[in-house]
Protein chains: 2
Amino acid sequence: MRLTRAGEYAIRCVLYLAMHHDRELIGRKEIAAAMDMPAQFLGKVAQQLAKAGIISIRQGSQGGYELAKRPQDIALLAVIEAIDGEIFLNDCIHRPHSCDRQTICSVHQIWDKARRQLRNTLGGVTLAELAAREKRACAGRSREQPHALQG
Amino acid sequence: MRLTRAGEYAIRCVLYLAMHHDRELIGRKEIAAAMDMPAQFLGKVAQQLAKAGIISIRQGSQGGYELAKRPQDIALLAVIEAIDGEIFLNDCIHRPHSCDRQTICSVHQIWDKARRQLRNTLGGVTLAELAAREKRACAGRSREQPHALQG
DNA sequence: TCTAATAGGATCATTTCAGTCCGATTAATC
DNA sequence: GATTAATCGGACTGAAATGATCCTATTAGA
Ligand code: SF4
Ligand code: SF4
């Protein structure tokens, strides 16, 4: 019942890209250093993101990553599911064959409802919103600095 | 992002107990057979449920399990969390130390919201409701049988 | 051509999961 | 009291997922 590390890194990566959407291409190492993750691991994650059509990658010297769509067109859910697969709180939702009793199971419906709710929440947030909020938070923090360095 | 097998078994176990709440004590093997799970494994799960105060266990000959509270006082969430631990979609929610950027992280808040929503949904359903719905579904199905054996 | 970058397959250590085994313990019954 | 039927609970195991890292190939700018 938790997000994998790879999923978390994927989010950090695209969030960084969204926050620097004005720049064309951003190198893997820069992203990894800024968002605090292993650069090699990010490479793996990025490949999956590219396959899912969320980012595009340029190889070779001066290569790097960039968003394949506009930040306001990428939902958080899409990023997560590109890495960790579609969200299914309980297996029986995904694989009907995994349990015989689902035709009468009252719990099954709860899982279905919970899953819809969760995917809805994550699907309703775009990278554009997240990046904007993040920038605001950072700005707020630097403005605060003279008053309260301890934060 | 999924329920463990142990959690699923725990739910099945307490659901069975709730559906037979009129009987005093029910043997482990009977529950395991009826709800289709390994009896040994159920033993492990039951111990945790007992520690969490959800069921009580009687040892010795003619021993077995029973609900420690009324079905309407046991939420689905409690059963799940007794086995799999408190639900945290993302580690940073649980362990603040696991990520430095959470003070400014816009994604953090989304996880927090999603988690609250999920726990709310699962916390709002009691065993009494589930058992009642399950019984109704079974009754409905047996009434249907003469008409459509294929289901 | 040289060099700086990613691609992508192989590999590996650790942890989690799912489950089993088995001796110890408990309590009803003979 | 002995037998028997049940759970307790710790040790153990195999399989899979997770979280990486390593290394060679490929790509493309200078
Ligand atoms: S018992 Fe119900 S909730 Fe559990 S796996 Fe089967 S259908 Fe799903
Ligand atoms: S970056 Fe944000 S969401 Fe991710 S672990 Fe850190 S605080 Fe949590």
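All chains are named by letter (A, B, ...) in the order of the sequence lines, taking the proteins before the strands, and each is independently numbered beginning at 1. Both backbone and side-chain heavy atoms feed into the values below; hydrogens, waters and symmetry mates do not.
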Nearest atoms (heavy-atom pairs only) where [X] meets [Y]:
{"X": "B:R115", "Y": "B:I93", "value": "CD-CG2, 3.9 Å"}
{"X": "A:A131", "Y": "A:L15", "value": "N-CD1, 3.8 Å"}
{"X": "A:I26", "Y": "A:H20", "value": "CD1-CB, 3.6 Å"}
{"X": "B:I54", "Y": "B:A78", "value": "CD1-O, 3.6 Å"}
{"X": "B:R28", "Y": "B:Q40", "value": "NH1-CA, 3.7 Å"}

B:T126 and B:Q72: side chain donor to acceptor below 3.5 Å: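 B:Q72 and B:T126 do not have a side-chain donor-acceptor pair below 3.5 Å.
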B:R58, CZ: over 12 other non-hydrogen atoms inside 6.0 angstrom: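 No, not enclosed.
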Could you state the atom-to-atom distance from [atom1] of [X] to [atom2] of [N] in whole Å?
{"X": "A:Q47", "N": "D:dA25", "atom1": "CD", "atom2": "P", "result": "17 Å"}
{"X": "A:Q48", "N": "C:dG9", "atom1": "CD", "atom2": "P", "result": "12 Å"}
{"X": "B:R28", "N": "D:dG9", "atom1": "CZ", "atom2": "P", "result": "12 Å"}
{"X": "B:Y65", "N": "D:dT7", "atom1": "OH", "atom2": "C1'", "result": "6 Å"}
{"X": "B:K51", "N": "D:dG10", "atom1": "NZ", "atom2": "P", "result": "7 Å"}
{"X": "B:E66", "N": "D:dA6", "atom1": "CD", "atom2": "P", "result": "17 Å"}
{"X": "B:I26", "N": "D:dA6", "atom1": "CD1", "atom2": "P", "result": "14 Å"}
{"X": "B:L42", "N": "D:dT7", "atom1": "CG", "atom2": "C1'", "result": "11 Å"}

Grab the N/O contacts between the protein and nucleotides 1-4 of chain C below 3.5 Å, and write none if there aren't any.
unit_1	atom_1	unit_2	atom_2	d
C:dA4	N3	A:S61	N	3.4

Point-to-point distance, once rounded to the nearest 0.5 Å, from CD1 of B:I74 to CG of B:L67: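 Here the rounded value is 4.5 Å.
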Atom pairs, protein N/O to nucleotides 18-21 of chain C N/O, distance under 3.5 Å:
unit_1	atom_1	unit_2	atom_2	d
C:dA18	OP1	B:R2	NH2	3.3
C:dA18	OP1	B:R5	N	3.4
C:dA18	OP2	B:R5	N	3.0
C:dG19	OP2	B:Y9	OH	3.3

Positive for side-chain contact (heavy atoms from CB on, under 4.5 Å) with A:K113, one of B:L122, B:T121, B:V125: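 When B:L122, B:T121, B:V125 are each tested with A:K113, the side-chain contact (heavy atoms from CB on, under 4.5 Å) holds only for B:T121.
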